[in-house]
Amino acid sequence: MVDHPRSRVRLAQTVAVGVVCALAGSIAARPIGSDAASSTRTASHARSVIFINGDGMSAAQREAGRLSLAGLDGRLQMDQLPVSGNLTTDARDPEEYVTDSAAGASAWSTGQKTYNGAISVDLDGNPLPIIGDLARRSGKATGLVTTAQVTDATPAAFFSQTADRGSQDEIARQFLEESKPDVILGGGEDWWYPAGNAGAYPDQPAQDPTEASKGTKGNLVAEAKRLGYTYAPTAARLEAAQGRKLLGLFSNEEMFQQRAEGEGDVYSPVVPLATMTSKALSVVSKDKQGFFLLVEEEGVDEFAHENNGAKMLYSMKQLEAAVAVARQYVAKHPDTLLIIAGDHECGGLTVEDDSATDESRTGASAEDGPFPIKGSDKTFTMDWTTGSHTDAPVPVSAVGPGARRLTGQHPNTYVHDILARALG
Ligand SMILES: [Zn+2]
């Protein structure tokens, strides 16, 4: 855990915004204040930003999703955005260069490469300015929606700073007391209650007896209510929730059980990602100055770790439904920048014909499938090469003000520049 004086963070944020604005001016190659420079600035600014992470999603995960959900002649929702590019994802960990979700999301949120496990801190553990704070200081509502713990690495990096991604109760505390996102929806209730207080979801459930409340920051759900959040632990209470601040926790940990096929793998969430996304949009869109909303489907990564192709595809389906909700919003609000990316690849996945002679047909990296191709009598096979992350670059798709800058291949830190420019 890092002790960080917020004043220093604020100062650094001011400097960072200055750098971004200067950069915008130099790209326009005209004096700041000229019509061209100001129109570039206007074109890059978005009233609102929706950023969607398919955790662990690279080109092969998207292609498997396309074959399964859209078919050979079809396109995914996310593939229909007009702008696309690629992001490299390598981290600056002292011991490995393939990123984890913490360093990957920190690159998006801060524009700096850091070590695996870092939540928006630099290599020395110093906190860095984060997008969640930038958006709030710009007067916008902010929110996060995920099928992981709400305090898992990706949302954490946008809304907190800590040296260790495992400090999820500290991350929850920072949400409430420092970054103050207006909407917090997802899993991870265990980190919001102290041991002995089960909360809405019982400790030691049959699906995973290791799950139990374990927070060390007191009863943070009670604190959230004191701070004005409406608390929703069920789908019905989420639907009924009113007000401008909303906390919904719908599982002890992730909103699924990530295991290999037939070994207790479960994905039947209390509230689907698309429903959470829709509710979050209905709340944050009330802000007249716009919003920043982070949406994440965690199952793509977690089931790829397990080489569980069927549940990875189901996670892609959940993500696609959330993307559809976001696209519907953007169609009515074209001043919204929508970006969809993955933070890294997971599983070393390839998508293949079903072949009896493939060299990796048996053993730990056995092929997974066959899976039907929608609208076709053909099938495809998923072949995994690892249960870990890989360095494969990830596609990024976008629409809205500033989106076209994502064309081409960029480091993942470039996403930060786009977000900061859009929100600043
Ligand atoms: Zn992972």
Side-chain angles (χ1 to χ4, degrees), residues 2 4 6 8-28 40-41 44-46 49-53 85-93 97 99-138 140 142 144 153-163 165 174 178-179 292 294 296 337 339-344 393-394 396 398 401-424:
V2 185
H4 50 85
R6 301 291 293 183
R8 196 183 54 188
V9 177
R10 302 289 174 204
L11 177 63
Q13 280 169 342
T14 307
V15 172
V17 172
V19 169
V20 168
C21 290
L23 189 60
S26 69
I27 285 171
T40 298
R41 183 182 161 81
S44 299
H45 276 64
V49 175
I50 305 171
F51 186 85
I52 302 183
N53 177 32
N86 273 303
L87 303 171
T88 51
T89 67
D90 49 281
R92 293 295 177 273
D93 193 87
Y97 80 95
T99 194
D100 77 341
S101 290
S106 294
W108 285 340
S109 180
T110 72
Q112 291 200 35
K113 300 274 193 180
T114 187
Y115 62 92
N116 287 338
I119 300 296
S120 293
V121 297
D122 68 15
L123 285 166
D124 297 319
N126 301 307
L128 298 165
I130 52 177
I131 287 294
D133 279 348
L134 173 65
R136 194 162 70 91
R137 281 188 302 109
S138 298
K140 298 181 189 302
T142 61
L144 65 96
T154 306
F158 280 92
F159 293 98
S160 71
Q161 299 132 317
T162 181
R165 64 180 287 175
Q174 289 188 29
E178 299 184 22
S179 61
F292 170 71
L294 172 73
E296 174 183 51
L337 171 62
I339 301 176
I340 300 159
D343 51 355
H344 51 71
V394 295
V396 55
R404 64 183 172 80
R405 292 177 190 276
L406 284 161
T407 306
Q409 177 131 334
H410 300 279
N412 55 359
T413 48
Y414 183 68
V415 168
H416 167 267
D417 302 347
I418 301 295
L419 294 175
R421 201 173 290 173
L423 293 164

May I ask you to decide if G117's main-chain N or O and D100's side chain share a donor-acceptor pair within less than 3.5 Å?
yes

Test item: E296 side-chain N/O and N53 main-chain N/O as donor-acceptor pair under 3.5 Å
no

So, taking the atom named OG1 in T407 and the one named CG in N86, what distance separates them when rounded to the nearest 0.5 Å?
11.0 Å

Nearest 0.5 Å, what's the CD1-OG1 distance between I119 and T154?
8.0 Å

Grab the two heavy atoms, one from L87 and one from P411, that are nearest each other, plus how far apart they are.
CD2-O, 4.0 Å

I need the minimum non-hydrogen distance between Q409 and T88, along with the two atoms involved.
NE2-CG2, 3.4 Å

What's the shortest heavy-atom distance between L144 and P155, and which atoms?
CD1-CB, 3.9 Å

Is the backbone of G104 close enough, under 3.5 Å, to the side chain of T99 for a donor and an acceptor to pair up by distance?
yes

Under 3.5 Å: donor-acceptor pair, side chain of S109, backbone of I131:
yes

Is R405 reaching over with its side chain to a backbone N or O of I418, donor-acceptor style, under 3.5 angstrom?
no

Candidate pair T110 and I130, rule side chain to side chain contact (heavy atoms under 4.5 Å, CB included), full reasoning
CA-CA 5 Å; T110 72; I130 52 177; 4.2 Å; yes

Selection residues 114-125 - residue pairs positive for side-chain hydrogen bond (donor to acceptor under 3.5 Å, both in side chains), sequence neighbours left out
E96-N116, D122-N126

Where do A157 and A102 come nearest, in terms of heavy atoms and distance?
CB-O, 4.5 Å

Would a distance-only check, ignoring hydrogens and angles, find a side-chain to backbone donor-acceptor pair under 3.5 Å from S138 to L423?
yes

Atom of H45, atom of P401 and distance for their closest heavy-atom approach:
O-CB, 3.2 Å

As an exercise, state the distance from OG1 of T142 to CG of D133, rounded to the nearest 0.5 Å.
8.5 Å

Pairwise salt bridge (Lys or Arg N to Asp or Glu O under 4.0 Å) hits with a residue in residues 107-119, at least two apart
D90-K113

Are Q112 and S106 close enough that some pair of their side-chain heavy atoms sits under 4.5 Å apart?
no

Report the relative orientation of the aromatic rings in W108 and F158; use parallel for angles under 30°, tilted for 30 to 60°, perpendicular for over 60°.
tilted

To the nearest 0.5 Å, what is the distance between CG (L294) and CD1 (I339)?
11.0 Å

Ring pair (Phe, Tyr, Trp, His ring centres under 6.0 Å) partners of F159, counting only residues at least two apart
none

If you take all heavy atoms of S101 and H344, which pair is closest and at what distance?
OG-NE2, 3.0 Å

